[in-house]
Amino acid sequence: MKSVDVVIVGAGPAGIGMALELNKIGGLNYGVLESDHIGESFRRWPAQTRLITPSFYSNPFGLADLNSVDAAGSPAIFAGTEHLSGAQYADYLKFVADAANLPVICGCKVLQVDPNPDGGFHLVTERGELFTQFLIWACGEYQFPDLKPFPGGQLCQHYAHIEDWSILESGPYVVIGGYESGLDSAINLVKLGHQVRLLVRRPTWDLPDIYDPSQVLSPYTRERLREIESDDRLEIIFDADVVEVTQEGDHSFRVHAADGRHWDVQQAPILGTGFLKGGGARQIKELWLWDDEDRIVLSDVDESIYTPGLFLVGPQVRHDQRIYCFIYKFRQRFARISRQIAQRLQLDIEWIDGSQDGVWGPFGNSECCEGCEC
Ligand SMILES: Cc1cc2nc3c(=O)[nH]c(=O)nc-3n(C[C@H](O)[C@H](O)[C@H](O)COP(=O)(O)OP(=O)(O)OC[C@H]3O[C@@H](n4cnc5c(N)ncnc54)[C@H](O)[C@@H]3O)c2cc1C
């Protein structure tokens, strides 16, 4: 059986960014296993969806492009645009991986993980078995939508299953969810001429004293909402806590709210209600410690509390009130993990571009975020 030092599972921005960081460790034997293609989740985005965080080449001034996965690159330069489509971002990731000659194996889903009692992990993959000393889980959330956030959720269409808004049948539509994916659904549908009723618990674009884009609507989506706010085709219903969807006859659905209100619609309601907590980390659920809110509890180096040698990177990482669900947030944790692994294997990290001195700010400096409120 092949044996390596480190395996990263998943080749999205978390897996590719982490691999670029591991590339700096001289003598490390590692690989990235990806079930489909590099950037697969982005390739599955609806055709009209764009990254909400803007891309801009600010790297030479110590502030890397918000969407880049290393300190040198810039999706803005790569795609020549500020808000990349999913396909453009996936192409950027592939370009970065190829340029750095990263050892990525596509079409190699990890099916089973068995921790070895003496350390390390035995992996069963679609292409055979292997042993690794350390395992970095980077399976994201997008491919793990919550299809049943309430009874009858399975009757709805989840945002993550929409390939292209322009091929949907004519409305009216009911969209459930008042954050990024709910708003993106409503905006695209209205722009395509459909009548849309958007059901939200609260206006996430107007939450006083909350500034974290993981909790309030991004400026990009606010701007897009502003463009259609006065359009007669859009109706926003507030305080709508949806508790059930039922099917009424063959061609009609009823959406029920907790306060007794209901709305009928002929097309399956659209779910913009999010993803399973823990996302792809649920594939190895028993190897993590989960808290009362069903979130993964990690050590301060993002290692599993239950399973030494198992690390988590990506949007599911949380520490206290800090939510790392954007690329510019979770990339700050890469160096922390690579430093841990290098230390435990007694290997040297080749610091480049002065990153050891924090020239790249939080990017290369694994000590950033120690107690900070970012
Ligand atoms: C509509 C939308 C817009 C967004 N816009 C932004 C934005 O503007 N800016 C931003 O920073 N973030 C944005 N996000 C969030 C961002 O997309 C995610 O945080 C990011 O994709 C997470 O990266 P990841 O690498 O962890 O996961 P993913 O990109 O989902 O990658 C995970 C990879 O793991 C693979 N995989 C899963 N299971 C296995 C397995 N068992 N074996 C092998 N491979 C496996 C998958 O095929 C996939 O390629 C957006 C999200 C959505 C849904």
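Scope of the values below: all heavy atoms of this structure, side chains included, with no hydrogens, waters or symmetry mates. Atoms within each ligand, like the ligands themselves, are counted from 1 in listed order.
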Give me the pairs of N or O atoms, one from ligand 1 and one from the protein, that sit under 3.5 Å apart.
unit_1   : atom_1 : unit_2 : atom_2 : d
ligand 1 : 8 (O)  : Ile52  : N      : 2.5
ligand 1 : 8 (O)  : Thr53  : N      : 2.9
ligand 1 : 8 (O)  : Thr53  : OG1    : 3.1
ligand 1 : 9 (N)  : Thr53  : OG1    : 2.7
ligand 1 : 11 (O) : Ile327 : N      : 2.7
ligand 1 : 19 (O) : Cys325 : O      : 3.4
ligand 1 : 25 (O) : Pro13  : N      : 3.2
ligand 1 : 25 (O) : Ala14  : N      : 2.9
ligand 1 : 30 (O) : Ser41  : OG     : 2.5
ligand 1 : 38 (N) : Gln283 : NE2    : 3.2
ligand 1 : 41 (N) : Val110 : O      : 3.1
ligand 1 : 41 (N) : Gln283 : OE1    : 3.0
ligand 1 : 42 (N) : Val110 : N      : 2.9
ligand 1 : 44 (N) : Ser35  : N      : 3.0
ligand 1 : 47 (O) : Glu34  : OE2    : 2.6
ligand 1 : 47 (O) : Ser35  : OG     : 3.3
ligand 1 : 47 (O) : Gln143 : NE2    : 3.0
ligand 1 : 49 (O) : Glu34  : OE1    : 2.7
ligand 1 : 49 (O) : Glu34  : OE2    : 3.2

Notebook entry, point to check: side chain to side chain donor-acceptor pair (under 3.5 Å): which pairs involve residues 1-14, sequence neighbours left out?
Noted result: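 Qualifying pairs: none.
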
Check: Under 4.5 Å between any side-chain heavy atoms of Ile187 and Lys191, yes or no?
Finding: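 The answer is yes; the side chains approach within 4.5 Å.
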
Looking at [X] and [Y], does any basic side-chain N land under 4.0 Å from a carboxylate oxygen?
X      : Y      : result
Asp70  : Lys24  : no
Asp291 : Arg318 : no
Asp184 : Arg224 : yes

Margin query: Can you tell me which residue among Arg336, Arg344, Arg333 is in a salt bridge (charged side-chain N to carboxylate O under 4.0 Å, His left out) with Glu303?
Written below: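 Going through the options one by one, the only one that passes is Arg344.
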
